[in-house]
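If you're wondering where the values come from, they're calculated on a predicted model, not measured in any experiment.
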Amino acid sequence: MADLPNEERELLGFLDRVDGEVKAFRQSTGFDRDAELWLSTRNGRMRLPGEAEPIFSANLLGSFIDRKVALLTQSKPDLRVSSRNPTLSPMAHVLTDTAKAVLDGLQLDARLEIAADLAATFGFVGFLTAWDPSAGEIVLKTLDPRLFFVDHHVKDPADIQRAQYIRIDTPMSLDDVKRTWERGADVKAGADSQTGPGWGPWPVMNWITQSGRRILRPFNQAGGPYDWVNVSEYWLRSGQADAQGNLLFPAGRVVHRVGRVILDDMPNPYWDGLWPVDVWDWRANGDSLLGRSDVEEGRKIQEAINRIGNSITRNIILSAVFTVVGDYNAMTNEDWKKLDNRAARVLRKQPGRELTFVPPPPIPDQYLNFVTQLSGLLEGLIGVPPTMQGRRQAGVIASSAIEGLMTQAETPIRAVARRLEYVIERIGAKLVSRIIQFYDGDRVLIINGEDNDVQQYVFKRAELLGTYLDEAKTDEEREEKLKELHSHFVFKVIPLSS
């Protein structure tokens with residue numbers, strides 16, 4: 001550290017303070033602790049406190065979330081790009097077709113399904129809309145809620161551009177780090193693989209990759225043949241200025257870091273000047289951008305169902321076992337051993353003593369009815385009541401009444417769908433900007449046709465720009481006009497199409 005330039009040392013100190021704020025906030029909210037509990041509950045691995053391995057477990061909560069996610073993502077949103085300037089309408093048509101083709105190539109449907117599952121589990125999920133220079137493609141990544149953090153002073157996902165910092169953590173193999181960054185050669189396995197003083201070891205968690213596969217659990221603790229490190233990516237507001245008072249990073253800066261090694265430090269590369277991250281909150285939370293989790297909402301009811309079911313099941317098993325009572329000297333030890341304790345309960349008593357086994361009484365009907373009521377309560381709480389599952393409610397016959405119940409049942413899912421549409425619109429705005437900035441030549445894109453057949457779509461740069469740049473006299477004017485072109489367009493999702 002003694003050999004580091006003062007500027008780099010100051011930057012590391014600043015990033016350490018960002019890490020400290022992130023750590024303090026997550027500890028104060030208990031998010032890291034709760035996240036693992038939510039994930040185990042979501043996947044049906046709930047362990048009842050103080051009890052042995054249960055013999056009964058029904059993951060109703062996970063099943064209801066699966067159904068809610070399926071209902072939410074079964075429809076493909078209808079997308080449009082519109083122009084604020086009527087003379088640019090032909091450009092808007094080109095951008096609409098291109099944006100649809102790009103999102104088809106990015107498998108938006110599958111990505112939204114993964115994101116919805118994460119959001120239902122943790123309360124929120126992130127999206128990164130970026131340009132990958134090595135692949136020459138626009139990328140849309142789903143951000144695991146445990147692997148990114150937005151300035152906690154921002155309470156509304158729509159206000160994310162007000163955030164002073166965003167941090168995204170990505171586990172990468174040491175070889176990939178060295179190939180990607182020139183300074184990757186300075187990164188060493190082990191001591192340099194953690195971020196910030198006192199940050200501690202990387203928490204045991206999954207890594208959700210771009211494809212959504214969970215491929216890393218636990219991180220760097222299996223003793224495998226490859227070295228892995230945590231690459232922290234920071235998007236930062238900066239007030240640094242030159243001698244004339246001009247901001248060095250007017251649209252912010254992006255820094256990549258591994259431990260005490262700064263891999264790169266550069267201005268925000270995107271013409272729109274926006275953070276490339278968007279957040280989808282599953283349930284509205286006015287106090288935090290973190291949203292509210294379906295798992296947290298229904299966890300206690302799921303636990304109660306499993307506790308009651310476990311007790312009932314144990315008693316039924318006890319009642320069903322055949323019981324043998326006999327004097328201990330009625331048979332030899334070898335003969336006693338021949339009795340199978342797996343199918344019968346063998347009780348040996350002293351001669352002349354009375355010993356009887358009283359089976360548990362029948363399970364009262366109100367216990368079973370209570371479990372049914374808890375299940376219905378959980379359905380309503382998650383937002384998938386019987387009418388959403390194809391089951392007719394008792395006593396409802398008239399078609400108008402059934403339609404009314406369906407509309408009422410869809411309301412909670414519609415609320416989540418509206419927030420999803422807003423997120424897609426914010427992603428789409430960045431997508432339009434990326435197309436204008438990085439698609440500087442013609443290219444062939446693959447799309448799904450109206451008849452569900454695969455078709456080729458040819459993006460033509462000249463067709464997009466038309467005569468837009470004809471009035472520009474110099475290269476500087478043309479560049480300025482291109483940089484502000486994205487601001488003339490609005491990316492919209494047709495209401496109720498998702």
Side-chain angles (χ1 to χ4, degrees), residues 79-103 106 127-133 136-140 154 157-166 235-242 244-254 266-278 422-443 445 457 459-493:
L79 315 174
R80 294 286 188 277
V81 178
S82 301
S83 171
R84 295 185 174 96
N85 186 341
T87 62
L88 301 181
S89 295
M91 285 190 188
H93 291 305
V94 174
L95 287 172
T96 296
D97 294 338
T98 306
K100 288 182 177 180
V102 172
L103 291 176
L106 292 173
F127 297 94
L128 176 69
T129 310
W131 172 257
D132 184 353
E137 295 290 348
I138 298 171
V139 295
L140 177 63
V154 177
D159 295 334
I160 196 171
Q161 299 306 322
R162 296 177 54 245
Q164 298 301 298
Y165 65 85
I166 297 175
W235 294 83
L236 308 167
R237 295 292 178 202
S238 175
Q240 285 184 291
D242 59 19
Q244 289 74 37
N246 299 315
L247 292 176
L248 297 177
F249 306 99
R253 68 200 291 190
V254 56
M266 60 184 181
N268 183 345
Y270 300 121
W271 285 353
D272 56 16
L274 302 176
W275 297 143
V277 174
D278 290 289
Y422 299 148
V423 173
I424 294 175
E425 288 179 353
R426 294 194 290 271
I427 292 172
K430 297 178 179 64
L431 181 63
V432 168
S433 177
R434 305 291 185 267
I435 291 171
I436 294 173
Q437 180 176 356
F438 296 107
Y439 280 17
D440 53 4
D442 299 347
R443 61 173 62 204
L445 303 172
Y457 169 74
F459 168 81
K460 296 181 179 180
R461 180 74 171 182
E463 184 179 340
L464 170 65
L465 298 180
T467 61
Y468 178 71
L469 299 177
D470 288 354
E471 296 180 1
K473 304 300 183 183
T474 64
D475 291 341
E476 290 77 10
E477 289 181 4
R478 280 190 285 271
E479 183 176 352
E480 287 302 317
K481 291 197 69 172
L482 277 176
K483 286 184 176 180
E484 57 88 25
L485 178 57
H486 69 88
S487 63
H488 294 294
F489 300 100
V490 177
F491 188 99
K492 299 296 290 183
V493 177

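Annotation: the span from S82 atom OG to H488 atom NE2 amounts to 14.5 Å, rounded to 0.5 Å. We find the CZ-NZ distance between R80 and K492 to be 13.0 Å, quoted to the nearest 0.5 Å. Note that CZ of R84 is 13.0 Å distant from OG of S89, once rounded to the nearest 0.5 Å. Taking CG from L485 and OG from S487, the interatomic distance works out to 7.5 Å, rounded to the nearest 0.5 Å. To the nearest 0.5 angstrom, I435 atom CD1 is 8.5 Å from L464 atom CG.
A donor-acceptor pair is defined here as one N or O able to donate and one able to accept, closer than 3.5 Å; no such pair exists between the side chain of E484 and the backbone of L482. The closest donor-acceptor contact from the side chain of R434 to the backbone of V139 lies at 3.5 Å or more, if one exists at all. In this structure, the side chain of N268 does not engage the main chain of W275 through any donor-acceptor pair within 3.5 Å. Judged purely by atom type and a 3.5 angstrom limit, Q437 has no side-chain atom pairing as donor or acceptor with the backbone of D272. No donor-acceptor pair under 3.5 Å is formed between the side chain of T129 and the backbone N or O of L140. Under the 3.5 Å distance criterion, the side-chain polar atoms of E425 are matched with a main-chain donor or acceptor of V493.
Under the rule for a side-chain contact (heavy atoms from CB on, under 4.5 Å), the partners of A158 that lie at least two apart in sequence or sit in another chain are D156, R426. In this structure, the salt bridge (charged side-chain N to carboxylate O under 4.0 Å, His left out) partners of E137, at least two apart in sequence or on a different chain, are R443. By the salt bridge (charged side-chain N to carboxylate O under 4.0 Å, His left out) test, R461 pairs with no residue at all, sequence neighbours left out. Listed by chain and residue number, nothing satisfies the side-chain hydrogen bond (donor to acceptor under 3.5 Å, both in side chains) test with K481 (two or more places apart in sequence, or in another chain). Under the ring-ring contact (aromatic ring centres under 6.0 Å, His included) criterion, Y457 pairs with no residue at all, not counting sequence neighbours. For N246, the side-chain contact (heavy atoms from CB on, under 4.5 Å) criterion is met by D242, Q244, not counting sequence neighbours. Judged as a side-chain contact (heavy atoms from CB on, under 4.5 Å), and not counting sequence neighbours, A429 has no contacts. By the salt bridge (charged side-chain N to carboxylate O under 4.0 Å, His left out) test, R478 is found to be paired with D475, residues two or more places apart in sequence or in another chain being considered. The side-chain hydrogen bond (donor to acceptor under 3.5 Å, both in side chains) check on Y270 picks up nothing, with sequence neighbours excluded. Every residue meeting the side-chain contact (heavy atoms from CB on, under 4.5 Å) condition with K460, not counting sequence neighbours, appears here in chain and number order: D442, V458, E463. Shown here are the salt bridge (charged side-chain N to carboxylate O under 4.0 Å, His left out) partners of E477, two or more places apart in sequence or in another chain: there are none.
When all heavy atoms of A99 and F491 are compared, the closest pair comes out as CB-CE1, 4.0 Å. Here the shortest heavy-atom pairing between I436 and W271 reads O-CZ3, 4.0 Å. Contact between I427 and D278 at its shortest, heavy atoms only, is CG1-OD2, 3.8 Å. Considering every non-hydrogen atom in both P267 and F249, the closest pair reads CA-CD2, 3.8 Å. Closest non-hydrogen pair, V81 versus F489, comes out as CG1-CB, 3.9 Å. Nearest approach of A92 to S83, heavy atoms of both residues: CB-N, 4.1 Å.
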Applying side chain to side chain contact (heavy atoms under 4.5 Å, CB included) to K483 and E479, what does each step give before you reach the verdict?
CA-CA 6 Å; K483 286 184 176 180; E479 183 176 352; 3.2 Å; yes
Could you walk me through whether I138 and Y439 pass the side chain to side chain contact (heavy atoms under 4.5 Å, CB included) test, one step at a time?
CA-CA 9 Å; I138 298 171; Y439 280 17; 3.9 Å; yes
Applying side chain to side chain contact (heavy atoms under 4.5 Å, CB included) to V102 and F459, what does each step give before you reach the verdict?
CA-CA 10 Å; V102 172; F459 168 81; over 6 Å; no
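When side chains are defined from C-beta on, K430 does not count as touching F127, because their heavy atoms never get closer than 4.5 Å. In this structure, the side chains of L445 and D97 stay at 4.5 Å or more apart for every pair of heavy atoms.
By the 30° and 60° cut-offs, the orientation of the rings of F438 relative to W131 is parallel.
Evaluation of the salt bridge (Lys or Arg N to Asp or Glu O under 4.0 Å) test over residues 244-253, restricted to residues two or more places apart or in two chains, returns R253-D265.
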